[in-house]
Amino acid sequence: QIKILKRFAGLNTNEGLTCDDVWQSGEGHIEEVRMHLDDLNTAHYISLFQHTEDGEPLYKLTPEGRKYLVTHGLLKPPL
């Protein structure tokens with residue numbers, strides 16, 4: 001889940017990721033990705049903020065998710 005959560009870091013505030021976006025980056029079976037997104041959403045680390053034109057949920061990082069990444073030293077500074 002941490003690897004997935006880190007994918008949301010650095011996106012603009014009006015951007016998000018769909019389940020397919022995460023899955024296409026090689027994060028396992030699509031159902032595993034859905035499960036992890038559900039868990040991250042339940043934990044309030046990501047949230048649903050809109051749907052794509054195709055009706056797919058679009059998730060973004062929440063302040064709680066950002067705080068988790070920062071306080072656990074999981075973000076690398078840009079080069």
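Heavy atoms only: backbone and side chains are in, while hydrogens, waters and symmetry mates are out. These numbers were taken from a predicted model, which means no experiment stands behind them.
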Sub-3.5 Å donor-acceptor pair from the side chain of [X] to the main-chain atoms of [Y], do we have one?
X   : Y   : answer
S47 : F49 : no
W23 : H29 : no
T18 : E56 : no
R7  : I2  : no

Heavy-atom pair with the smallest gap, counting every atom of P57 and L48 | CB-CD1, 3.4 Å
Should [X] and [Y] count as side-chain neighbours, where that means a heavy-atom distance under 4.5 Å?
X   : Y   : answer
L58 : H51 : no
D39 : Q1  : yes
F8  : L69 : no
L37 : V33 : yes
D20 : I30 : yes
L5  : L74 : no

What is the distance from atom [atom1] of [X] to atom [atom2] of [Y], rounded to the nearest 0.5 Å?
X   : Y   : atom1 : atom2 : result
E31 : D38 : CD    : CG    : 9.5 Å
E32 : C19 : CD    : SG    : 11.0 Å
L11 : K60 : CG    : NZ    : 11.0 Å
Y68 : H44 : OH    : NE2   : 15.5 Å

Begin from the C-alpha positions of E64 and K67 and carry the test salt bridge (charged side-chain N to carboxylate O under 4.0 Å, His left out) through to its verdict.
-> CA-CA 5 Å; E64 291 90 348; K67 183 175 182 177; over 6 Å; no
